[in-house]
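All remarks here apply to the structure that follows.
The figures that follow rest on heavy atoms only: side chains count, while hydrogens, waters and symmetry mates do not.
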Amino acid sequence: MQKIENELSPTIQTLQKQRIKMKDEFLLKAERNLKKTMCCGERFQNELLSINELVLDMKAEPDMDRTNNNNNIHTNDEIDINHLINKTENLLLRIREQIDCTCTHLTQLKHEIIMDQVSETNTVDDTTDESLTHEKDKMEDDWMDSPLVFMNPRKNRLHHKVCCVLLTKPNTVNKDALSAHASDTDEDLAKCLESNEEQIISSLVTLESKDGLILHTQFPFHLYLPVVNHKPELVPQLKYMTNGSIWRREDVVQNISIPIEKEISFLGAEIQIPQLQTLQCVAVAVPPFEEFNIDKNGSSVTLHNDKNIKLRFPAGAFTNETYVSTKARILTETCLKDASDRYLDLEHITQTTSVINIKCSQPPQSAFEINFIDFKIDDENISDQQEVLQRCKQWLMNNLNISLIESRLIEIFPAKVTENIQKEILSAEKIQMLVAELHHISDNSIDKFIKILDETGQTEVVDRLSSVREQVVLTRNQDDISVAELEMSSDFDPDFEIDVKTVQIMAKLGEQPWKVAPSNSSNIDNVHTVKLEGGNSSYSVVGIVVPAKMTEIDMCRAATVLDEVICLANVNLVVKQHKDNSDEIIIYCTQSEKLQTVLHELAKDGFTNGPTKVQEFGLADSENIELTLDNFSLEGYENRPLVMPLYSGLGTAIYRGRLCVLHPERQTCDNQYRGQLKYKIISEKISIQRSGKLAIYLPKPTDEQIGYFSYTFDFTGKALAKYLAWQLTPDNEISTRWIKFANILVADPNIYKHITNNITKSLCKAGQRQTCEAFLLYWADHYVKNDENKLERMVDIFGHETQRKSDALQFLKPYCLSGTLSNDNLKKIAYCLADDWEIMAEKLKLDKAIIGEIKDTQKNTVRQCLKMLDTWRLSDVAITKGTDVVKHLYKCAKAAGCGSKLLNLSVKH
């Protein structure tokens with residue numbers, strides 16, 4: 001309230017001073033406006049009090065919820081807070097409207113005061129006239145203190161609350177007469193792109209008059225869009241289209257800050273259109289460009305973005321002043337090597353200049369020249385320091401501040417050379433000469449040059465040189481082997497020949513294809529000059545180093561690819577499956593610099609299985625990645641490919657769903673379904689072919705992998721018989737103590753005699769432990785009634801020895817129904833450990849002959865693992881572990897490197 005009174009104070013004082021001169025009618029108008037303004041201020045104050053009450057409620061209400069119902073703390077708090085936030089945002093919007101209204105009334109009041117003064121001071125002297133006129137002009141130049149903010153009804157993919165912001169001059173635009181909405185659909189964003197180089201950094205915002213009325217706008221206005229971050233080397237632009245005409249661009253104006261979006265950057269431009277009905281605007285990021293005017297007298301221009309490039313327009317090239325725009329897109333040595341590895345058309349390109357694009361507002365009437373300065377074939381027989389300078393010469397041209405070291409050049413160059421450098425007028429000319437002379441000095445002098453750079457505060461240049469030197473040393477160590485191979489090839493292969501390299505300048509005039517442009521070269525200062533014919537509005541030029549035997553067709557194709565590659569952003573295609581449910585798949589297409597973050601987030605969500613290979617390729621905004629699968633389909637895309645467009649501003653394109661197996665009966669007999677995920681880029685503007693494939697595996701269901709499996713019959717009874725035999729002959733396998741317990745079990749001498757007679761025939765020379773085991777099994781199979789529990793009867797063999805009976809029952813638990821070693825759970829363990837079953841078999845001490853037989857007789861790893869476990873659970877090794885048999889299994893799994901798998905399985909089931 002105090003702020004509003006302070007704003008009104010000068011107006012009130014003016015009213016008092018001019019009261020005598022003002023008419024009664026004007027006083028009434030002024031008082032009405034003043035009352036309106038004060039009312040707005042009171043409403044403003046009331047809304048602030050409302051917000052304060054809400055804040056107090058927000059502090060108190062959650063505590064009330066917690067005392068009422070502790071079980072719903074999170075839910076109640078979340079609902080209350082969301083409700084309060086929505087109410088607060090509504091109040092803020094209402095307050096903003098009141099602020100707009102207040103500012104409007106203030107402006108109207110100020111305007112009427114000045115208008116009345118102007119009308120009533122015709123008899124006043126010239127000085128007063130000039131003062132009032134100046135104040136009127138100043139009023140017309142004032143922008144509104146509070147912007148018109150249009151909100152999005154919901155957050156979009158760019159996560160912006162604000163749709164756009166309009167900053168207008170007084171009494172020009174009424175917010176109620178306009179509506180605004182933002183779209184970030186793939187179709188709408190694709191329509192906004194005019195070239196391969198553009199990257200979308202905002203939604204497409206449409207501002208239109210309500211009811212289709214045409215609004216007349218006398219003054220320009222500032223329009224601001226919320227934007228996302230972009231690469232620092234790119235330049236943001238705001239472009240707009242009126243009533244569906246063509247895209248136009250305006251200079252970016254000073255940024256603003258919106259309290260509701262404090263963390264968001266806004267990009268604005270001043271737009272002037274006489275009539276406003278429909279206005280569409282979008283923000284894009286483009287490579288840096290330079291603009292200059294050339295008149296009929298011609299001119300020479302050194303490009304700021306690449307000082308090794310000079311344009312020379314002769315007199316008469318243009319009949320009148322012509323607007324020329326240039327872009328120099330630099331391809332670093334590392335980027336060129338990556339591109340050469342990825343695209344076969346570039347595999348023989350070892351060096352390039354910047355790719356130069358020139359656009360003229362009118363075609364030149366005659367030819368003009370482009371000079372490529374210090375462009376030569378790199379010398380391979382040079383020191384590490386010289387190679388560093390060779391690699392960095394282009395970067396030095398654009399980043400070295402020669403004014404800081406000019407006075408100290410005498411420390412590294414002869415006096416004559418220093419004098420020649422210093423007498424050049426343009427800094428670009430001085431740097432060109434300096435870089436050229438650096439190639440002729442010793443390594444000690446180069447070290448001195450780097451030291452001077454460090455002492456003069458050019459740390460960025462020093463760091464770049466140091467980084468490149470590390471790469472040079474590493475590369476040279478790796479290249480020693482290839483050099484030796486080259487020498488060996490030349491000794492043994494009479495047809496072996498090292499390619500001779502040559503410099504070629506490639507040019508593209510207008511919409512014509514690339515071609516080799518005749519050029520003149522100077523060996524003294526390594527300048528290559530190409531003359532381009534007039535008659536075209538656009539030109540593209542690049543210098544390349546190629547083998548002398550390379551055909552013109554291949555060179556033109558290489559230039560085409562270079563021109564396209566430099567527009568592409570590196571992206572990665574990541575395909576991962578969930579560790580617990582391999583049919584759950586997620587496909588990410590993300591910028592390469594975000595790859596590690598994406599992999600980390602996927603791992604946190606359990607997506608760790610799937611192809612280990614991550615595909616990398618170049619992609620321009622709005623290009624589509626088409627994905628198809630062999631032997632599989634994606635949920636929701638059973639009869640069509642999945643198409644994923646990617647926009648740099650949106651960051652990541654994602655698909656999450658399930659894999660469906662097609663024709664499982666045609667798959668092989670192993671334990672996995674196999675297929676391929678194929679991708680290719682669908683583009684109407686890039687000719688480079690980009691495609692690839694990834695292998696996809698999906699484990700078959702356990703029952704399908706195992707099929708019919710013959711488990712050991714009555715394994716529980718056999719396990720108990722072996723355990724009891726071991727307990728009754730623990731230290732001496734020839735002990736006959738078991739006979740006493742056997743008589744207790746059968747309770748009939750005739751039965752005992754009958755059983756021993758039958759088992760003796762088949763056991764021949766067997767020991768007492770095997771005989772005891774056979775006796776117990778024969779008795780269980782032939783003398784136990786169907787309604788009796790034979791396991792309990794067998795345990796009762798211990799009579800009154802309760803501890804031994806308890807241990808026997810404890811031993812039985814894993815072998816019983818739902819126990820760890822039951823058939824059902826053994827099947828799950830086999831599925832879990834299938835890939836490691838042979839190592840597990842070794843750790844469980846199974847005989848190698850048994851392992852070999854299992855491999856020969858079982859058709860897949862799951863069945864092999866199941867057979868191994870079925871054999872082991874009844875082996876002497878397992879039985880003699882007694883009640884620790886399950887612990888022993890886990891201990892062996894841990895030793896085999898698959899303990900975590902078994903532990904996760906036990907937790908899950």
ask   = Can you tell me if E290 and H304 form a side-chain donor-acceptor pair at under 3.5 Å?
value = no
key: Lys/Arg cation over aromatic F150: K175, 6.0 Å, 45° cone   = yes
query = Less than 6.0 Å separating the ring centroids of Y679 and F617?
reply = yes
inquiry  = Does anything in residues 238-247 form a salt bridge (charged side-chain N to carboxylate O under 4.0 Å, His left out)? List the pairs, not counting sequence neighbours.
reply    = E194-K239, E198-K239
note = Sequence neighbours excluded, the answer for side-chain hydrogen bond (donor to acceptor under 3.5 Å, both in side chains) partners of D295 is none
Closest non-hydrogen atom pair between S183 and L189, with its separation = O-CD2, 4.0 Å
task = Scan side-chain atoms only and decide if E291 and Y323 contain a donor-acceptor pair under the 3.5 Å cut-off.
result = yes
ask   = Under the criterion side-chain contact (heavy atoms from CB on, under 4.5 Å), which of L279, V253, V205 is the partner of L223?
value = L279
message = Whether the T590 and N572 side chains hold a donor-acceptor pair (N or O, under 3.5 Å, no angle test) is what I'd like checked.
response = no
query = Looking only at heavy atoms, what is the nearest atom pair of K685 and S195, with distance?
reply = NZ-O, 4.3 Å
query = Is any side-chain N of the basic residue among R329 and D563 closer than 4.0 Å to the acidic one's carboxylate O?
reply = yes
ask   = Using a distance-only test with no angle check, is there a side-chain donor-acceptor pair under 3.5 angstrom linking Y240 and E250?
value = yes
ask   = Is there a donor in the side chain of S209 and an acceptor in the side chain of Q277, or the other way round, less than 3.5 Å apart?
value = no
Distance-only side-chain donor-acceptor flag, T322 / Q362, under 3.5 Å = yes
